[in-house]
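My questions will all concern the structure given below.
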Amino acid sequence: MKFVAIVAIVNLANYVLVMIGVGRARHTWQVPAPAVSGPPEFERALRIQQNSVEQLVLFIPGLYLFAHYVQTEIAAGLGVVYLVGRILYQRQYSRGRNRAPGFMLGFGVNIVLLGGALVGLLFKFSALN
């Protein structure tokens, strides 16, 4: 389970960097809080942050549920794939390029984690009967 925890922490650290990026964008593009609109570069940074938190809400519980009900090593590996997808998404979106591949990679991992956790849980319940 330690690898799952490491992967979770690294993904949360990536989110902290995204938050810092929004602060930097506010400063660079002179967008005072609580404003949420400004130059496209600022708005992209803010959308990256918003989408990242939306995905983390699925990822963190999905990661731990999958690890518990399926297998920890696979969960950790999927967590690394998720991180790669999120970084790709962040890089592409911040540059105004196609963010879909990175989004789909991260979102796909979330679907696998949640679906796998559900199947694993159902198997565990059926084994009890």
Side-chain angles (χ1 to χ4, degrees):
M1 199 68 141
K2 65 184 171 189
F3 293 118
V4 171
I6 291 167
V7 166
I9 289 168
V10 170
N11 275 285
L12 290 169
N14 180 58
Y15 178 68
V16 169
L17 293 175
V18 167
M19 290 172 38
I20 291 169
V22 173
R24 286 184 177 160
R26 280 191 183 282
H27 177 75
T28 299
W29 302 105
Q30 300 176 356
V31 180
V36 294
S37 62
E41 297 85 357
F42 166 74
E43 291 184 7
R44 284 195 297 267
L46 186 61
R47 279 301 304 143
I48 290 167
Q49 186 268 331
Q50 291 170 333
N51 184 265
S52 295
V53 77
E54 292 163 2
Q55 293 300 311
L56 274 175
V57 168
L58 298 173
F59 173 71
I60 296 295
L63 178 71
Y64 279 96
L65 289 167
F66 189 98
H68 182 75
Y69 289 109
V70 181
Q71 198 209 32
T72 58
E73 291 82 3
I74 294 173
L78 287 168
V80 171
V81 174
Y82 173 86
L83 179 63
V84 169
R86 294 310 303 168
I87 291 170
L88 178 61
Y89 169 85
Q90 294 155 10
R91 291 176 62 104
Q92 293 296 95
Y93 200 175
S94 68
R95 295 174 178 160
R97 297 184 184 151
N98 184 5
R99 63 192 184 269
F103 175 82
M104 292 308 296
L105 187 58
F107 186 70
V109 167
N110 275 336
I111 296 302
V112 170
L113 289 173
L114 294 171
L118 177 61
V119 170
L121 177 63
L122 292 174
F123 272 111
K124 193 158 259 188
F125 274 126
S126 68
L128 296 175
N129 291 331

**Contact list for residues 35-75, test ring-ring contact (aromatic ring centres under 6.0 Å, His included), sequence neighbours left out** =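 Qualifying pairs, neighbours excluded: Phe59-Tyr82.
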
**Prompt:** At their closest point, which heavy atom of Leu56 faces which heavy atom of Leu12, and how far apart are they?
**Reply:**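 Taking Leu56 first and Leu12 second, the nearest heavy atoms are CD1-CD2, 4.1 Å.
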
**Message:** As an exercise, state the distance from CG of Leu58 to CG of Leu63, rounded to the nearest 0.5 Å.
**Reply:**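 Leu58 CG to Leu63 CG: 12.0 Å, rounded to 0.5 Å.
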
**Prompt:** Looking at Val70 and Gly116, what are the two nearest heavy atoms and their distance?
**Reply:**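 Smallest interatomic distance, heavy atoms only, reads CG2-O, 3.2 Å.
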
**Prompt:** Looking at side-chain heavy atoms only, is the closest gap between Val31 and Pro39 below 4.5 Å?
**Reply:**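 Side-chain contact under 4.5 Å: yes.
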
**Item:** N/O donor-acceptor pair under 3.5 Å between Glu43 side chain and Ser37 backbone
**Value:**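 Checking the backbone N and O of Ser37 against the side chain of Glu43, no donor-acceptor pair under 3.5 Å is found.
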
**Asked** According to a 4.5 Å side-chain heavy-atom criterion applied to Ile, Leu, Val, Met, Phe, Trp and Tyr, with indirect links allowed, do Ile20 and Ile87 form part of one hydrophobic cluster?
**Response**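 No, because Ile20 and Ile87 fall into different hydrophobic clusters, even though each may have its own neighbours under 4.5 Å.
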
**Message:** If you apply the rule side chain to side chain contact (heavy atoms under 4.5 Å, CB included), what do you find for Gln55 with Phe103, and how did you get there?
**Reply:** CA-CA 9 Å; Gln55 293 300 311; Phe103 175 82; 3.7 Å; yes

**Message:** Please report the interatomic distance CZ(Arg97) to CZ(Arg44), rounded to the nearest 0.5 Å.
**Reply:**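 Those atoms lie 10.5 Å apart.
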
**Taking every non-hydrogen atom, the tightest pair across Gln90 and Ser52** =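 Shortest heavy-atom contact: NE2-OG, 3.7 Å.
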
**Message:** Just verifying a value: how many Å separate Gln49 CD and Met19 CE, rounded to the nearest 0.5 Å?
**Reply:**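 If we round to the nearest 0.5 Å, Gln49:CD and Met19:CE are 7.0 Å apart.
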
**Request:** Look only at the side chain of Ser126 and the backbone of Phe123, and say whether a donor-acceptor pair between them is shorter than 3.5 Å.
**Result:**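 Yes, Ser126 side chain to Phe123 backbone: donor-acceptor pair under 3.5 Å.
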
**Item:** Smallest separation among heavy atoms of Ala117 and Leu65, with atom names
**Value:**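 So the two residues come closest at CB-CB, 3.6 Å.
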
**Between CD1 on residue Ile60 and CG on residue Asn110, distance to nearest 0.5 Å** =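 Result: 9.5 Å between the selected atoms.
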
**Heavy-atom pair with the smallest gap, counting every atom of Ile48 and Arg86** =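 In this case the closest contact between Ile48 and Arg86 is O-NH2, 4.3 Å.
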
**Asked** Between Glu73 and Phe3, is any pair of side-chain heavy atoms under 4.5 Å apart?
**Response**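 No, side chains not in contact.
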
**Message:** I'd like to know if Tyr15 and Leu105 are part of one continuous hydrophobic network [Ile/Leu/Val/Met/Phe/Trp/Tyr, side-chain heavy atoms within less than 4.5 Å].
**Reply:**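 Yes, Leu105 connects to Tyr15 through the hydrophobic network.
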
**In one Ile/Leu/Val/Met/Phe/Trp/Tyr side-chain cluster, 4.5 Å: Val84, Leu113** =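 Linked within one cluster.
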
**Request:** Show your reasoning for whether side chain to side chain contact (heavy atoms under 4.5 Å, CB included) applies to Val7 and Leu83.
**Result:** CA-CA 8 Å; Val7 166; Leu83 179 63; over 6 Å; no

**Prompt:** Would you say Val109 and Val4 are hydrophobically clustered, going by side-chain heavy atoms of ILVMFWY under 4.5 Å?
**Reply:**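 Yes, one cluster joins them.
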
**Asked** Is the count of non-hydrogen atoms from other residues, nucleotides or ligands lying under 6.0 Å from Arg91 atom CZ greater than 12?
**Response**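 Atom CZ in Arg91 is not packed in, count stays at 12 or less.
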
**Asked** What pair of heavy atoms forms the shortest contact from Ala45 to Gly21, and how long is it?
**Response**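 So the two residues come closest at CB-O, 4.4 Å.
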
**Message:** Please determine whether residues Val36 and Val22 belong to a single hydrophobic cluster, defined as Ile, Leu, Val, Met, Phe, Trp and Tyr linked transitively by side-chain heavy-atom distances below 4.5 Å.
**Reply:**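 They do share one cluster, since a chain of ILVMFWY contacts under 4.5 Å joins Val36 to Val22.
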
**Prompt:** Going from CD1 on Ile9 to NZ on Lys2, what distance comes out if it is rounded to the nearest 0.5 angstrom?
**Reply:**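 With rounding to 0.5 Å, CD1 (Ile9) is 13.0 Å from NZ (Lys2).
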
**Prompt:** Between Tyr89 and Tyr93, what is the ring plane arrangement, given parallel below 30°, perpendicular above 60°, and tilted in between?
**Reply:**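 Rings of Tyr89 and Tyr93: perpendicular, over 60°.
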
